[in-house]
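One structure below.
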Amino acid sequence: MAVEKIKILVDNKEVEVVKNSYLLQVLQKEGIEIPTLCHHKDLTPNGTCRLCIVEIEKNNKKKLVTSCNYPVSESIKVETKCQKVIKHRKNLMEMYLGRWPNVPIIQQLAKKCGASDKEKYKSELTDENPKACVLCGHCVKACEEFIQEKIIDFAGRGIKRHITMPFGEVDPHCIGCTSCAFVCPTGAIEIIDDMNHPVDAEMIRNYGMKINAEMATLDKNQCRMREVGTANIVDVMDAYDLLPVMNYRYGSHKDTWKTDSKMLKKKYFTQDTPDGCWKGCSMACAKAVDNFELKTGPYKGDKVVVDGPEYETAAGCTNMGCFDPEFAIEFNFYCDTYGVDTISVATCMAFVMEAYEAGCIKKEHTGGKELKFGASAEVLECLHEMARGKGFGVDVGHGIRWLKNKWIKEYNADAQFLQDIGMEVKGLEFSEYVCKESLAQQAGYSMAIKGPQHDEAWLIFMDMVNNQIPTFEDKAEALHYYPLWRTWFGLHGLCKLLWNDVVPLSNKKYKPQVAAKVPEHVEDFFKFYEGMTGKPLDEEGMLNQSARVYNLQRVMSVMLGYGTRKDDIPPYRAMGPVTKEEFESRAEKYYDKQIKDIFDINPEEKSIEEKMKMIRKHREDQYQRVLDATYKRRGWTKNGIPKIERLKQLGIDLPEIVDIVKDMQ
Amino acid sequence: MAKLKIQDIEKIAKHEVEKAAKYKGMIMVCTGTGCVSANGFNILNKMKEVIKKKKLSNEYLVIGTGCMGFCAMGPIAVFQPEGTFYQKIKEEDVEELIESHIINSKPLERLLHRDPITDKVNEKIEDIKFFSKQQLIALRNKGSIDPENIDHYIAYDGYKALKDVVIKNDPDSVIKEIISSGIRGRGGGGFPTGIKWESGKKAAKERDEVIYVICNADEGDPGAFMDRSIIETDPHTVIEGMLIGAYAVGATEGIIYIRKEYPLALNRLKIALKQASEYGLLGKNILGTDFNFTIHIHRGAGAFVCGESSALMASISGRAGEPRAKYVHNVEYGFRNKPTILNNVETWANIPVIINRGSKWFSSIGTGDVSKNPWNGSSGTKVFSLVGDINNTGLVEIPMGITLREIIEEIGGGIPNGRKFKAVQTGGPSGGCIPAEKLDTIVDFDSLSEAGSMMGSGGMIVMDDKTCMVDIARYFINFLMDESCGKCTPCREGLFSLNNILKRISEGNGKESDIELLEEICETIKETSLCQLGSSAPNPVLSTLKYFKKEYEEHIIEKKCRAGICKPLIVYSINNQCTGCTLCARNCPVNAIEGKAKEIHVIDSEKCIKCGICAEICKYDAVEVK
């Protein structure tokens with residue numbers, strides 16, 4: 001959306017402002033000092049202390065407004081220092097002085113506002129305590145906006161107003177996040193104990209509050225994790241042609257709006273309640289659908305709470321050609337209830353559907369089910385069969401690799417076709433991104449130790465959309481760094497989403513390749529580590545911690561028979577167009593262009609079959625080169641085996657480990 | 001009950017009228033809260049019992065109506081079709097009343113109304129000035145229908161307006177009609193209702209959001225009972241108003257926020273909602289169309305501030321009732337951050353009549369030419385609760401533009417006990433006091449504001465010359481201080497401070513600088529408070545300072561309270577009219593009066609607690625207050 005700008009007059013000087021920005025921000029940006037007690041830069045404006053009043057003139061009428069929460073929506077005249085404003089600020093500060101004469105922040109503000117009379121408003125309520133609560137409300141806002149709780153709030157009307165927990169008792173729901181104490185300007189809220197006894201609680205708090213503040217102020221304009229969770233990605237991926245549709249054939253669909261995050265928010269997600277993996281998470285991106293009435297299965301007719309749908313589940317549904325949010329929610333519920341993964345089931349069903357439509361399998365193989373794309377009722381039936389241990393659903397439960405073998409062997413299905421479209425590596429189904437046009441993402445998926453999932457190296461945007469890692473070396477570096485960085489989260493029981501699903505405004509100052517790492521947030525995590533353990537950590541230290549584990553995992557993969565070069569190769573669907581329609585759908589945008597740029601051939605001179613062949617050859621070759629570069633960067637052999645010298649370097653060259661790989665060097 | 005179709009409304013009305021025509025007469029017994037507290041329900045039951053006993057049930061129908069407004073005279077009954085008005089009826093009067101009025105066709109004179117000034121007996125309701133000067137729109141059905149019977153409402157053109165708008169099927173034209181009627185919000189703000197609807201609808205359309213309509217029935221002003229009476233008298237008019245509003249703006253959900261302290265109104269509202277739902281006037285496919293609308297009741301817990309729209313919406317959402325800055329309006333971001341239309345009970349009650357009789361008719365009543373711009377005047381009527389030192393306490397609906405004098409002297413019947421009028425407080429606690437010399441001020445939104453008070457929701461408290469204006473200011477400021485939510489500094493700290501200063505003035509400890517200090521604090525509260533309740537809160541002080549500054553000065557400098565109200569400033573003494581009857585001495589609770597029988601008594605001012613009992617019981621006006 002374009003930003004609309006308007007001009008206003010501030011103390012007779014013309015100032016251009018973004019429409020609807022708060023006046024106080026504008027004034028502060030202009031270097032005008034405005035006294036305020038209840039305003040906090042990371043919290044929504046309160047407008048209660050009234051100190052930030054200024055006089056505005058609009059439609060020839062003058063009035064006083066509190067600048068902190070006044071949105072500038074039209075061309076107004078602003079007076080920040082007129083007699084009226086000065087007089088009232090002084091009077092207000094005298095009221096504060098009468099009530100809390102010894103609180104330093106009150107004394108400072110009083111001085112600024114020219115108030116010194118402590119007697120004028122002296123009364124039986126005068127509180128001499130220098131750390132008295134001055135009712136600014138920061139703590140209430142921080143509780144609500146930093147971690148979306150409502151543990152403390154105001155109670156009592158009028159002059160009896162005070163800060164308290166429910167019923168005036170210590171609320172057991174308070175998790176001691178200390179946000180309230182952190183923002184308190186007077187010290188009225190004290191931290192008396194740090195329960196986990198970190199080495200440097202102050203350090204953790206300072207860096208943690210930074211993230212809390214970012215969540216409170218930036219998320220709503222970035223990924224909207226609090227509002228819709230990871231489901232926000234559905235809309236984004238569709239827009240970038242990366243949303244898997246019909247077994248990864250296409251990257252967007254005209255019906256995506258029916259099941260995107262806007263629709264989920266509007267009609268399904270329960271809003272206004274924090275819903276996180278753990279209490280106190282300031283992101284709290286888990287979303288739920290309450291009171292959902294099931295239409296199928298053993299719980300038909302029951303109203304249930306469904307945890308989700310998150311991005312991968314919603315995209316799994318578009319991958320099956322199902323654009324009905326109620327199906328997605330029901331599918332989500334039963335996968336959770338039966339203890340199966342939504343991604344694996346969805347990707348597997350998408351494969352089944354494509355095979356069915358292509359005639360590889362027929363109705364008699366599916367127990368009579370017409371398993372075309374979009375057959376949502378049949379998907380649910382397969383799922384129930386899987387749980388019952390009866391019917392075609394049981395076959396689906398074995399996964400793509402098993403199905404391919406069976407169909408080739410028993411139904412004499414087209415082996416090459418099934419290998420090309422069966423989206424699995426190492427026996428695990430793909431996560432829900434179309435990685436065809438991103439070489440780095442293909443490798444990020446396929447080289448992942450446990451199979452093609454996005455947790456190790458999600459490089460699709462960096463590589464394809466932003467073109468930040470153009471060379472093989474760049475890609476190899478990313479495929480070295482990111483899996484290790486992400487492994488580090490796992491090693492420390494931390495969530496990765498706070499790292500780059502909200503990014504600080506300062507991130508803009510970095511070059512794209514560096515910006516992708518969100519350096520400031522990496523630093524925050526290092527500080528958490530240091531605050532907790534007392535040991536400083538830097539990038540090298542972090543990479544070494546992870547590399548030990550990562551290489552050990554690879555050795556174990558080798559031992560289990562999933563850890564060599566052949567196990568890191570994806571099906572062709574992950575690299576390029578398998579079918580003509582697929583080719584045609586993106587010919588203009590990608591394939592014809594490549595034919596022209598790489599082979600210097602006019603695409604119009606070649607048939608589709610010829611072009612498809614050329615593209616395939618090129619892409620498969622490119623993939624091999626990425627593998628080479630990445631193995632090299634990781635210190636592995638050409639066959640993808642960790643070299644013994646690398647194991648030594650990492651200090652994990654234990655005899656039993658070396659034994660496994662020594663003959664494969 | 002079957003859901004109604006469009007044509008059924010007329011059928012029911014016709015049927016009801018025919019049914020009523022079978023009776024020779026009807027006895028309308030007031031069962032508004034005022035009359036109920038004076039035994040109204042028992043009077044109603046007794047009437048029914050006697051009619052049955054006298055075997056008149058087939059000829060006479062007894063109906064319990066809502067508030068007829070003349071609360072000072074309760075319990076009230078009106079015998080129709082003659083329109084004979086009986087007041088202050090006791091249970092033991094009922095038999096005699098029926099005997100006399102119905103069987104002997106002779107009005108029972110001792111229960112008829114007497115004019116407080118001329119002492120003339122008024123037989124008919126239309127002869128009573130209290131009623132005859134009124135013009136009824138919001139209260140049009142008072143005394144005519146049983147509020148618990150939807151068919152009665154329908155018989156008096158009820159739900160006809162709704163029927164007409166759904167037939168016309170042009171929601172925007174409804175908004176246009178409301179705008180050109182000129183009606184402005186009756187809750188106090190005086191914002192043009194139609195413009196509010198228009199902006200809410202626009203916001204909802206632009207953002208593709210749902211829109212809510214809310215009825216504000218959180219009437220919290222001391223001495224005000226307009227909204228309560230409207231709901232108790234005619235709950236369906238409020239529901240129909242909301243239905244029309246919802247239809248016009250495209251809402252499907254409405255909320256009535258009503259104080260918990262209004263059990264009778266709440267009960268009648270619940271009955272009305274149930275009946276309307278059973279008739280399919282609420283719910284899905286209203287009158288067989290595709291219009292859906294439901295109404296929920298939300299009960300307030302009694303905080304005055306919850307009458308403020310944004311605080312009210314916070315309260316409905318389950319949060320503490322605190323206002324927010326209104327730089328972004330409720331019509332855009334209100335309840336649940338959705339566009340929200342909030343109108344007061346009385347405003348909603350006017351809507352069906354505007355539709356039925358047309359905006360032209362409505363705008364012809366009142367002041368200014370509002371046909372082009374609702375801000376140009378005040379059209380229609382306004383309901384006031386007339387209380388305090390006035391003969392005809394009660395509820396009145398008057399056309400905008402009549403003077404305060406007409407209301408007080410004619411409708412209100414003047415000041416009782418031969419005392420003099422001193423001031424009238426309008427606009428609720430944060431309104432202002434208007435003095436005798438301003439009695440010819442006309443009643444509309446702008447004139448009252450100019451006089452330093454405001455229309456408010458319609459409270460009107462009349463004060464005689466025994467009222468101390470400092471004490472009045474202190475009373476209202478004390479109320480407002482207690483009811484301030486405390487969110488913003490000027491209202492919270494400022495009112496507390498005003499209260500302290502007024503207290504010390506009324507105790508004789510005022511300083512000469514206090515008047516200036518009061519003015520300074522008032523100005524800061526007025527200019528810098530967060531919400532309207534805060535910014536209007538200093539009005540009681542400002543308006544009394546404006547018109548009665550002398551009294552403040554007397555309290556501060558001369559340490560004197562001319563009305564004899566501020567106890568620390570008054571002294572009781574006995575003059576030579578004392579006959580030594582000993583009555584005062586015997587009744588003094590602290591034995592502060594001494595004196596032998598048949599000798600002049602003396603009050604020991606050290607002991608005297610200034611309770612005033614002696615002055616009250618003395619038959620010879622011998623006790624003086626100075």
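When reading the values below, keep in mind they use all heavy atoms of this one structure, side chains included, and skip hydrogens, waters and symmetry mates. Lettering of chains follows the sequences in order, A, B, ..., and the numbering in each one begins at 1. The model shown is predicted, which means the values in this text are computed figures rather than measured ones.
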Salt-bridge present ([X], [Y]; N to O < 4.0 Å):
X: B:Glu527; Y: A:Lys87; value: no
X: A:Arg161; Y: B:Glu322; value: yes
X: A:Lys266; Y: B:Asp208; value: yes

Just checking [X]: does its [atom1] atom have more than 12 heavy atoms from other residues, nucleotides or ligands closer to it than 6.0 angstrom?
X: B:Lys326; atom1: NZ; result: yes
X: B:Glu209; atom1: CD; result: yes
X: A:Glu74; atom1: CD; result: yes
X: B:Lys526; atom1: NZ; result: no
X: B:His298; atom1: NE2; result: yes
X: B:Phe191; atom1: CZ; result: yes
X: B:Glu516; atom1: CD; result: no
X: A:Lys84; atom1: NZ; result: yes

Which one of A:Asn69, A:Leu51, A:Ile53, A:Leu135 has the most heavy-atom pairs closer than 4.5 Å to chain B? A:Asn69
Using a cut-off of under 4.5 Å on heavy-atom pairs, state which of B:Glu483, B:Arg336, B:Met481, B:Arg324 scores highest against chain A. B:Glu483
Donor-acceptor pair, A:Tyr70 side chain versus B:Ala325 backbone, under 3.5 Å? no
Side-chain donor/acceptor of A:Thr48 to backbone N/O of B:Thr489, under 3.5 Å: no
Which portion of A:Ile159 sits near chain B, non-hydrogen atoms under 4.5 angstrom: both
Can you tell me how far [atom2] of [Y] sits from [atom1] of [X], rounded to the nearest 0.5 angstrom?
X: A:Lys122; Y: B:Asn500; atom1: NZ; atom2: CG; answer: 13.5 Å
X: A:Glu124; Y: B:Phe496; atom1: CD; atom2: CZ; answer: 4.0 Å
X: B:Thr524; Y: A:Arg89; atom1: OG1; atom2: CZ; answer: 12.5 Å
X: A:Cys38; Y: B:Lys487; atom1: SG; atom2: NZ; answer: 9.5 Å
X: A:Leu64; Y: B:Ser535; atom1: CG; atom2: OG; answer: 11.0 Å

Engaged part of B:Leu495 at the chain A interface, taking heavy atoms whose separation is under 4.5 Å: neither
Which bit of B:Thr528 is near chain A, if near means a heavy-atom gap under 4.5 Å: side chain, backbone, both or neither? both
Do A:Arg50 and B:Leu530 have side chains that approach each other closer than 4.5 Å (heavy atoms only, starting at C-beta)? yes
Student check: side-chain heavy atoms of B:Glu523 and A:Asn91 closer than 4.5 Å: no
Is there a salt bridge (Lys or Arg N to Asp or Glu O under 4.0 Å) between A:Lys120 and B:Glu520 once you walk through the steps? CA-CA 12 Å; A:Lys120 190 164 155 193; B:Glu520 186 191 345; 2.7 Å; yes
Taking atom types as modelled, find out whether A:Thr66 and B:Tyr327 have a side-chain donor-acceptor pair closer than 3.5 angstrom. yes
Test log, rule side chain to side chain contact (heavy atoms under 4.5 Å, CB included), inputs A:Asp153 and B:Arg319: CA-CA 10 Å; A:Asp153 207 339; B:Arg319 300 198 303 274; over 6 Å; no
